[in-house]
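Step one of this worksheet: look at the structure below.
Proteins get letters first, then strands, A, B, ... in listed order; numbering begins at 1 in each. What you are looking at is a predicted structure, and each value in this text was computed from that prediction instead of being measured.
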Amino acid sequence: MTKVAMKVNGRQVSGEVEGRTLLVHFLRENLGLTGTHVGCDTTQCGACTIHMNGQAVKACTILAAQAEGTDIVTIEGIATGGELHPMQAAFKQHHGLQCGFCTPGMIMASIDIVNRHGSDLDEQTVRHELEGNICRCTGYHNIVKAVLAAAGAQEQRQAAE
Amino acid sequence: MGIEGIGASVLRKEDKRFITGKGRYTDDMVVPGMKHAVFVRSPYAHAKIVNIDTSEAEAMPGVIGILNGKQLTEDGIGNLICGWMVHSKDGSPMNMGAWRPLAQDTVRYVGDAVAIVVADTRAQARDAADLVNVEYEELPVVTGVEDALAEGAPQIHPEAKNNLIFDWVLGDEQATADAFSKAAHVVKMDIVNNRLVPNAMEPRAALGVYDAAEDHYTCWTTSQNPHVARLVMSAFYNVAPENKLRVIAPDVGGGFGSKIYIYPEEIVCLWASKRTGVPVKWNCDRTEAFLTDAHGRDHVTHAEMAFDADHHILGLKVETKANLGAYMSLFSSATPTYLYATLLSGQYNIPAIHANVKAIYTNTTPVDAYRGAGRPEATYVMERMMETAARQLGVSPPELRRKNFIRSFPHQTPVIMTYDTGDFEASLNAAMQAIDYAGFASRRAESESRGKKRGIGMSCYIEACGIAPSAAVGSLGAGVGLWESAEVRVNAVGTIEILTGSHSHGQGHETTFAQLVAERFGVGIDSVNIVHGDTDKVQMGMGTYGSRSGAVGMSAIVKALDKVEAKAKKIAAHLMEADEGDIVIENGELKVAGTDKTLPWFQMALAAYTAHNLPSGMEPGLKEGAFYDPSNFTFPAGCYICEVEVDPDTGKTEILNFVAADDFGNIINPMIVEGQVHGGLAQGIGQALLEGCHYDPQTGQLITASYMDYTMPRADDLPSFQISHQTTPCPGNPLGIKGCGEAGAIGSPPAVINAITDAIGTNGLSMPASPQKVWAALHNA
Ligand code: FES
Ligand code: FES
């Protein structure tokens, strides 16, 4: 067992894990942050997407030990002061989710897309950038709409911060 | 319609928990003392189990118990069942082989469960499972239907000689033969409907908890129909009597049919919890899901359609071989028969139809209903035939369809169904207009000028939803009735709980069901709670599949609301000293029509519970229940048109435009309905272009067992969709709803393939139409 410590959603946390423990399992099982999901075993569905040091990563593809000392944000940590993150609000507003299982990963990946591209996103770019996240329910139509709609709002919020 | 009533695109009440990571799925559940299970599965597609040696595994750290099929049999746990009896044409019942939750003597597909390992952690269980030493004696393997029927093929179950489960017929063979003898043209096709893996994004999971003090079991499971799970586990698998078994399906991450069935894992987890004395949780990994979730489709069909000289259809003959895999899953016999051949009349007047379906065992994963279940297969046959017929007869595809459309209702087809209503031409016209069908020729010329091949293809589908009238399905072999139940509880403060036997796993029931109440009583949807998915809370229900939650589930709610309304009006009339017939309910108030007398809804509710001043003889309280049994199926129908461009150098197909024009009857929430169509279209386009499940024919290994090998549609594989609705209200239920959950997946595959074959000028193309296949078809044409 190894001891790991990291910042998760703004709080310093630590725990004992096996060397082989994946970050996603540390988040879900040790910290009870079950919003981050596991949808595959080959790093292809994106249900486990979180932010590590400000970048979207697949938490099923990283060992908890590798996350030592990093700053992690999960789906539970993006709403501030009880207010939804613009991307969360856009997913609701545009019906970008059905069963909700892919949704946390989709939202975390989408925030990262906007972080990298800013508000001048077009449909093709969003579709291309979402390649690492699978949704079986929505046909992506409304997810794409949500990301495009949120792009402007997210930039505004960041400018204000 | 109010802003939250019927017909409003109300944003979903349930979204908040999902977008904030607070959804509660089965694998999120933790109970004190919970341990973890991993299944030991067969690596062979067909083998005898000679010996199971667990000694090394049992010595591993954290291991609590390792259990096998022999112990399961000792404890009297029953076989998995198929719940729909189908008879062969000679009158004999289907030849069903035994399916043990843990295989005891023989394994019949790769992934067949052999033992369960329970340990402190999942990793420990997995380590130990790797060390369970199962000695197998390999047997010959068969994966395809033709090979399975061949003389001398490996025999999979002793009960099914030559692997034939049933040889079933529907329709009038003589009348059909007569029709063909009068034909001016006959169109013939061989059509394969590719096997698919449902791939709900939440993998299946089960948590079984046995309480020894109460001799009671609780099962959390990823189910579309927890009550059916409880019924079957009690009545057939002898897990526990119903009063000793609670089944909870919490948030469920998509189903698409694959979570209807009761699988070995939940039974074994419950049983193992008693055997080991600890709560047992199992969570499927994706490869395991590919191996063990019931697959869909997998039909091989020969069809012939007879036309007269004027291009009217005279008759249809269909012969289908359906691959049911290694065991008969819960609805596997109904899917390729009563959900398939009964829709072979499509949207058309066809005087005579004869269908023959052979269901066949193979050494592959069991096959059962997947989004659409039988109806996509029927639609694919019909709409590939119609398009091909138009090409062969030299008429335009829409004209051939128009000429043969059913135009008067009710319409009795030769294959059981009575279509109640519809307007097929309206959807065809709407779709043609939306895609600018008339302008296609110039768009094609433009593509050609760039060296590309453009094609357009359509599909006019009809399906049977609102499953289903109980007596009718009973007479056809169903083991259960397919009604739905609802209970409406008005609390003393006027807030409302709706308990429903429908189950939401993405469909948005928490919103749409509340909209019914908002419409009826004018109370806000925030004062309405939808309770579902727990057998301790909801008395009974048949669950969600076959687009039944609207047409059947909501109808039950309407019936219960009728009773609540009647009692509420009686109370209000009494309190306001008015005539019951003069009470109207509006905006959360009960009013005496034509006066200014009003009583707020909550005061009426409070009066019902204080019971200080009720009409004489009236029981206190305000809670009503209802069961609703539909009188017919419902028949959503529509027209889908797809326009593609094929790159002749690479064979790659790009979907340029896809339009859907659907008649779902009345719609409660257009936003949610459109979402259902989007998702269905993605699955249908996925089938047509990307998804295909492959077994190695020699070894029976599933080659496409991960997202590396099985191509899931991703955002950049799909276009945005153009959707419209044409409405003929369903006369068969109080809300006029037909259902929308499966249409997209049913109607889209033939539209895509018709478009590609139009582009490349050849008919010989099978799904999935990969660039390689399209390129080969184009260059061999
Ligand atoms: S669970 Fe991480 S990519 Fe699928
Ligand atoms: S909403 Fe169900 S998988 Fe995306």
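A:Asn142 places no side-chain N or O within 3.5 Å of a backbone atom of B:Gly675 that could act as its donor or acceptor partner. The closest donor-acceptor contact from the side chain of A:Lys92 to the backbone of B:Arg12 lies under 3.5 Å. Judged by distance alone, the side chain of A:Glu131 and the main-chain N or O of B:Arg714 form no donor-acceptor pair under 3.5 Å. A donor-acceptor pair is defined here as one N or O able to donate and one able to accept, closer than 3.5 Å; such a pair exists between the side chain of A:Tyr140 and the backbone of B:Pro713. In this structure, A:Arg127 contributes its side chain and B:Leu718 its backbone to a donor-acceptor pair below 3.5 Å. A donor-acceptor pair under 3.5 Å links the side-chain atoms of A:His141 to the main chain of B:Phe721, judged by distance alone.
A distance of 6.0 Å separates CD in A:Glu29 from NE2 in B:His36, rounded to the nearest 0.5 Å. To the nearest 0.5 Å, atom CE of residue A:Met106 and atom CE of residue B:Met201 are 8.0 Å apart. From B:Met708, atom CE reaches atom CG of A:Asp41 across 9.5 Å, with rounding to the nearest 0.5 Å. Interatomic distance, CE of B:Met712 versus SG of A:Cys40, reported as 10.0 Å (0.5 Å rounding). Here the straight-line distance linking atom OG of B:Ser706 with atom CD of A:Gln44 works out to 6.0 Å at 0.5 Å rounding. Remark: A:His85 NE2 to B:Ile19 CD1 distance equals 12.0 Å, nearest 0.5 Å.
For chain B, the nearby parts of A:Gln93 are the backbone and the side chain; heavy atoms of each come within less than 4.5 Å. Of the atoms belonging to A:Glu18, it is side-chain heavy atoms, and not backbone ones, that fall under 4.5 Å from chain B. Contact of A:Ile134 with chain B is made through backbone and side chain together, with heavy-atom distances under 4.5 Å. No part of B:Asn283 comes within reach of chain A, as not one of its non-hydrogen atoms sits under 4.5 angstrom from that chain. For chain B, the nearby part of A:Val38 is the backbone; its heavy atoms alone come within less than 4.5 Å. For A:Thr103, the part sitting under 4.5 Å from any heavy atom of chain B is the side chain, from C-beta outward, and nothing else. With a 4.5 Å cut-off on non-hydrogen atoms, B:Phe256 touches chain A through its side chain but not through its backbone. For B:Glu674, no part lies near chain A; criterion is any non-hydrogen pair under 4.5 Å.
Your options are A:Gly35, A:Gly139, A:Pro104, and the one with the most heavy-atom pairs under 4.5 Å with chain B is A:Gly139. Top candidate by heavy-atom pairs under 4.5 Å with chain B, chosen from A:Leu97, A:Thr36, A:Leu130, is A:Leu97. Comparing B:Asp251, B:Ile672, B:Thr121, B:Val677 by heavy-atom pairs within less than 4.5 Å of chain A, the highest count is held by B:Ile672. In terms of non-hydrogen atom pairs under 4.5 Å with chain A, the most contact-rich of B:Gly744, B:Pro719, B:Cys284, B:Gly255 is B:Pro719. Between chain A and the residues B:Ala682, B:Gly679, B:Gly686, the most heavy-atom pairs under 4.5 angstrom are made by B:Gly679. When each of B:Lys22, B:Lys16, B:Arg24, B:Glu202 is scored by its heavy-atom pairs under 4.5 Å with chain A, the top score falls to B:Glu202. Among the candidates A:Glu76, A:Gln88, A:Arg20, A:His95, the residue making the largest number of heavy-atom pairs closer than 4.5 Å to chain B is A:His95.
Pairing each heavy atom of A:Cys99 with each of B:Gly254, the nearest pair is CB-N, 3.3 Å. Residue A:Cys45 comes nearest to B:Tyr707 through the heavy atom pair CB-CE1, 4.1 Å, listed as atom of the first residue, atom of the second, then distance. Pairing each heavy atom of A:Phe101 with each of B:Tyr25, the nearest pair is N-OH, 3.2 Å.
Two residues are said to be in side-chain contact when any heavy atoms from C-beta on lie closer than 4.5 Å; A:Thr42 and B:Arg286 fail this criterion. The closest side-chain heavy-atom distance from B:Asp716 to A:His128 is below 4.5 Å.
Using a cut-off of 4.0 Å between Lys/Arg side-chain N and Asp/Glu carboxylate O, A:Arg28 and B:Asp28 are scored as salt-bridged. A salt bridge links A:Arg136 to B:Glu691: at least one charged side-chain nitrogen sits closer than 4.0 Å to a carboxylate oxygen.
Counting non-hydrogen atoms of other residues, nucleotides and ligands closer than 6.0 Å to CD of A:Gln55 gives a total of 12 or fewer.
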